[in-house]
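The block underneath contains the structure these notes are about, expressed in structure tokens.
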There are 2 protein chains.
Amino acid sequence: MSYEELAPRKMRILKAIVDDYIQSMEPVGSRTIAKKYEVGLSSATIRNEMADLEDMGYLSQPYSSAGRVPSDKGYRIYVDHLIEIDESKFSEYNRLLNYYEQRINELGQIIKVMTKLISKATQYTSFSMKYKTRSSIIKACQVVPIEKGRALVVVVLGNDLVRNKIVNIDYSIELDTIVRLSNILDRKLSGCRAEGISVIIVNEIVKESCMDRHLILPLVDGIIDCLQHAEEVELYTEGASNLLMHPEFFDVNRAKAVLEVVHDTDIVVQLLKKSAEAGGLMVRIGQENDFDEISDCSIVTATYRINDVELGTIGVLGPTRMDYQKVISSLEYIRKKLNQDMPHRLEGS
Amino acid sequence: MSYEELAPRKMRILKAIVDDYIQSMEPVGSRTIAKKYEVGLSSATIRNEMADLEDMGYLSQPYSSAGRVPSDKGYRIYVDHLIEIDESKFSEYNRLLNYYEQRINELGQIIKVMTKLISKATQYTSFSMKYKTRSSIIKACQVVPIEKGRALVVVVLGNDLVRNKIVNIDYSIELDTIVRLSNILDRKLSGCRAEGISVIIVNEIVKESCMDRHLILPLVDGIIDCLQHAEEVELYTEGASNLLMHPEFFDVNRAKAVLEVVHDTDIVVQLLKKSAEAGGLMVRIGQENDFDEISDCSIVTATYRINDVELGTIGVLGPTRMDYQKVISSLEYIRKKLNQDMPHRLEGS
DNA sequence: GTTAGCACTCACCTATAATGAGTGCTAATC
DNA sequence: GATTAGCACTCATTATAGGTGAGTGCTAAC
């Protein structure tokens, strides 16, 4: 969709309307704009401009003599051209972040904390998603004997994520055989990409171990299982009930529909993944969302990368009448923060 | 609290009132009882009995000329003495359960599925909690080398739960040293209870490995870390938004307060743990709950054990006006089901 | 001990009127 | 030609008042 250029004055008025409506949720009238915002114009002139903006589809009127309300198209132009990102206000994040700093020991944890902060600060619902691994190179793998007939397969993946699975093995296999096997598997498979475990490699393992194929297969299957699970994502939701604070969800049915989406892991992951594809920041407004249940909601997502390694995606879901400025600024702020903090963290522990 | 004995007729009337109110949420009048329920009495007589029941605190009146509503005390006597558990209706569970049966591969999974079914069937919110491990005997432990200076500690616990942690080790340690160390650790610590890793054992390990103490300590610390995390619980929530379907939560503020509790992992765990202490089935009605936010809610919890091994706790949260009969029957049904299914599962995979 | 009858209470519903924020249009002004 | 002031009109929202009915407590009769 391309948007015709709008005269600067129309832009100013549109911005004022959206700003006001975001704050009050009341249809905003021409007099309000004339009084509260510094557009040196009378209400009558503004009235005319508003009529134009409505004709162009940026505003709409709930009923004939009410004020104007931004349409999805209006929000879109607001988000694309009228927002002023202001990161100066987020010192609160810093304070809270420092508090957590010391106890953060895992890569994903920092994003989790951010998610919590965002939901607190914005009063919307926020999500964070992290691929359990993306660069699924096998860094190391090992077989741990548990007891006769059973062993644990452990795989360490490219980004230090660990996956494991208990497998049943032949009763006849002795403990030290497992240790030997474990070393062979580790040597053969380390460095492999997930999809690179070919039959050829398995054959080599069989040959080198001098053992029967059917004794080894359960172990290899276990390893492959670990890798498949590795494509899973970890989802973290914060502040779902915040949505109930916003008047648009005072109606129980609306609220229920939205909360069902919020609690549906599959849908949320789908939504966040879209952002990852697009890369960087993404705003989907109202009907632009694929799901009808949230056609009166907006989603802002940001996917963070360092050295082309995808760290995760953070998303915020709120009513279409969302404080885009605050949300977008927050996510941008976090991007800076991550770029600043993560590199040393990545080489560090 | 001890409750005075109630005359059988009063009991019958009380049951009728609670049954009706649970279904309709409307204050129930004497005429309704006389017509809909088979107590061969006139409305006037019932009126007198109701007045008595109100005096005794089992009922209350929203306003002077309205019907009666059960009080917490009324629900209590209903739950304790008037419920008929009927498990015949839950064939639906069976059908759904069979569908999932094949894909259940983990111990806790079956409880998760049950949780989902319950929330669907009852239209309330349900939880399941599982200790990540309770019998924290070390079944096996192993050190997996990842790369120079780093290794992965893996601990398999009594109930087949696996925990792991990446630790930094001295740069000078060679790969085969780790393998040797791993075997020593496994031999020395297998069979240990979590709290039984004494300094003596560590000293033995140091001696046998002929290595410096400070080289080994990071590994031992890693193992201990794994065990400490083992006391954590896993919580699973299903159907949070179901609560919004019940009229008592049409008010946004009530709904928000309750949903906040539902989403607060710590509080929910606390609630469910209480049940574990009490053992078996537990019903907490309205004000009996420790948290004000849910003083208009009831919680039914059931902790399941087999051979004194705690499998987990399932809980249902809904409005005080809850279909206790259905909820309690469901949880009892599941207890039967678990006793039937789990034993072979436990020895099996 | 039980029941029928009756006056009384009080939430809830409905209709109507009053209010006021906001508009579109027209004519006067810069 | 663009801007503004003025005015009649629209329509959601709020307040008020009367009517309705479910349910009670009490009394007297069975």
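Chain letters run A, B, ... following the sequence lines, proteins first and then strands; every chain starts at 1.
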Inset, instruction - Would you please say whether a donor-acceptor pair under 3.5 Å links the side chains of B:Tyr21 and B:Gln23? - result: no

Legend entry - Distance-only side-chain donor-acceptor flag, B:Asp20 / B:Tyr37, under 3.5 Å: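 There is such a pair (donor and acceptor under 3.5 Å, judged by atom type) between the side chains of B:Asp20 and B:Tyr37.
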
OP1 or OP2 of [N] sitting under 4.0 Å from any side-chain N/O of [X]?
| X | N | answer |
| --- | --- | --- |
| A:Arg31 | D:dT4 | no |
| B:Arg9 | C:dT2 | yes |
| A:Arg68 | C:dG22 | no |
| B:Ser30 | D:dG23 | no |

Rounded to whole Å, please give me the gap between [atom1] in [X] and [atom2] in [N].
| X | N | atom1 | atom2 | answer |
| --- | --- | --- | --- | --- |
| A:Leu59 | C:dG24 | CG | P | 11 Å |
| A:Tyr63 | C:dA21 | OH | P | 11 Å |
| B:Ile17 | D:dG23 | CD1 | P | 12 Å |
| B:Ile13 | C:dG1 | CD1 | C1' | 13 Å |
| A:Asp52 | C:dT23 | CG | C1' | 15 Å |
| A:Glu26 | D:dA12 | CD | C1' | 12 Å |
| B:Gln61 | C:dT9 | CD | C1' | 10 Å |
| A:Leu53 | C:dG24 | CG | P | 12 Å |

Legend entry - Interatomic spacing from CE in A:Met25 to NE2 in A:His246 - rounded to 0.5 Å: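 It is 11.0 Å, given to the nearest 0.5 Å.
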
Inset, instruction - Quick one: pull up OH in B:Tyr124 and OG in B:Ser330 and give me the separation to the nearest 0.5 Å. - result: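 One gets 10.5 Å once the value is rounded to the nearest 0.5 Å.
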
Legend entry - Residue-level proximity of residues 34-49 of chain B to DNA chain C when a heavy atom falls under 4.0 Å: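 Within this stretch, B:Leu41, B:Ser42, B:Ala44, B:Thr45, B:Arg47, B:Asn48 sit under 4.0 Å of the strand.
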
Legend entry - N-O pairing of A:Lys326 and A:Asp86 below 4.0 Å: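 So A:Lys326 does not pair with A:Asp86 through a salt bridge.
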
Legend entry - A:Ser64 (side chain) and D:dT10 (base): donor-acceptor pair under 3.5 Å: no

Legend entry - Heavy-atom donor-acceptor pair, A:Ser65 side-chain to C:dT23 base, under 3.5 Å: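 There is none.
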
Inset, instruction - Check whether any side-chain heavy atom of B:Pro319 sits under 4.5 Å from a side-chain heavy atom of B:Phe249, and report yes or no. - result: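 Yes. Closest side-chain heavy atoms under 4.5 Å.
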
Legend entry - N/O donor-acceptor pair under 3.5 Å between B:Asn242 side chain and B:Ser119 backbone: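 Side chain of B:Asn242 to backbone of B:Ser119: a pair is present.
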
